[in-house]
Amino acid sequence: MSRSCPECQGSLATERIETVCTDCGLVVADDPLDRGPEWWACDADERERTGAPLTRSRHDRGLSTEIGRSTRVKGRKRRRLARMRRQHDRARIASKTDRNKVYAFTEIRRVVGQLSLPYSVRDQACALFSSAQDESLLRGRSLEGFAAAAVYAVCRTNNVARTVGEVVAVARADRNELRAAYAAMNRDLGLPVGPIDPREYLPRFATELDLPPALERRARALLDDLAVSGKNPSGVAAACLYAAARDTDHAVTQADAAAVADVTPVTLRSTYRALD
DNA sequence: ACGATTATTGCGTTCTT
DNA sequence: AAGAAAACAATAATCGT
């Protein structure tokens with residue numbers, strides 16, 4: 001399969017079932033082939049891969065037993081079942097750290113869903129949160145902040161950049177909580193994050209501004225010969241898109257371009273002026 | 001704590017209708 | 001002429017070191 005992303009022409013990567021653009025994070029296709037575990041295999045090695053599908057995004061990796069709620073069971077027996085279910089659920093998340101994990105994973109799932117990011121990001125974010133918890137980085141910092149920061153950090157390491165603002169907008173944490181958590185993880189866990197390449201923002205911003213791929217390529221060219229040191233990468237990307245779009249029939253105002261990048265028009269202008 | 005970058009606000013200017 | 005957009009300046013806030 002050698003297709004490219006319909007939104008941004010970026011390259012695609014297939015991860016289990018969904019196919020994801022490596023540039024903009026768009027989930028492109030549902031692969032009809034299930035690359036999940038085999039269910040029919042009979043020899044010993046293969047049999048280890050049976051069972052419920054594992055996922056990092058549940059604190060018990062998806063391995064759990066539920067006590068059903070049958071409507072056909074009535075009266076005393078029904079109440080007994082309810083009590084068993086309650087006890088079972090409590091036993092399942094016994095420790096405090098496990099309870100935190102449940103809450104954090106739920107939040108991570110929610111944020112990842114709201115940002116329509118691929119499952120791989122979700123699972124990595126959950127794994128990252130677990131690492132942070134193991135290093136007891138949570139002490140004195142907010143759980144929600146760590147959940148949001150984990151998603152943000154994984155986005156950065158996977159080169160599907162989201163701005164802090166975009167994450168905070170849907171998270172149950174504010175900017176400071178995310179920053180505190182992110183700083184702690186970056187310091188003590190040593191996240192493999194370099195400076196953000198403004199190119200990562202181009203495809204997404206271009207579609208948000210209704211700009212054709214041709215203009216995106218023009219912006220990319222502008223970006224290639226531009227010294228960007230110490231400048232807000234999303235602002236730089238927006239400036240290049242604006243520069244590429246002006247003088248065309250797809251003209252975009254500075255205010256609009258700045259808005260999709262979550263910066264002010266002044267910031268956009270500062271790099272736009274350095275573009276000549 | 002410091003220096004550089006960015007946000008915010010306000011204002012006179014330029015371009016379009 | 002009116003209104004929007006781009007430009008400019010000053011100050012406050014913020015980030016990386």
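Numbers restart at 1 for each chain; the letters A, B, ... are given by sequence-line order, proteins then strands. Computed from heavy atoms alone, side chains included, the values below leave out hydrogens, waters and symmetry copies.
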- Can you tell which of B/dT6, C/dA5, C/dA7 lies closest to the side chain of A/Asn232? B/dT6
- Message: Which nucleotide wins on minimum distance to the side chain of A/Arg269, given the candidates C/dT14, C/dA6, B/dT8?
- Response: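 The answer is C/dA6.
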Rounded off to whole Å, could you give me the [atom1]-to-[atom2] distance for the [X] and [N] pair?
X	N	atom1	atom2	result
A/Tyr182	C/dC15	OH	P	13 Å
A/Ile196	C/dC15	CD1	P	14 Å
A/Tyr272	C/dA7	OH	P	6 Å
A/Leu268	C/dA7	CG	P	10 Å

- Item | Residue A/Arg187 excluded, over 12 heavy atoms near CZ under 6.0 Å | yes
- Item | Charged N-O contact under 4.0 Å between A/Arg172 and A/Glu107 |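 Answer for the salt bridge query: yes.
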- Determine the minimum heavy-atom distance between A/Ala258 and A/Pro265, stating which atoms define it. CB-N, 3.7 Å
- Taking every non-hydrogen atom, the tightest pair across A/Phe146 and A/Leu137: CZ-O, 3.3 Å
Measuring to OP1 and OP2 of [N], would you say a side-chain N or O of [X] lies under 4.0 angstrom away?
X	N	value
A/Arg273	C/dC8	yes
A/Gln254	C/dA7	yes
A/Tyr242	C/dA6	yes

- Task: Identify whether any heavy atom of A/Val263 sits under 4.0 Å from a base atom; if not, whether one sits that close to sugar-phosphate; answer base, sugar-phosphate or nothing.
- Result: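 Result for A/Val263 = sugar-phosphate.
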- Message: Go nucleotide by nucleotide along DNA chain C from the 5' end; which of A/Arg175 and A/Thr253 gets its closest nucleotide reached first?
- Response: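 Residue closer to the 5' terminus by nearest nucleotide: A/Thr253.
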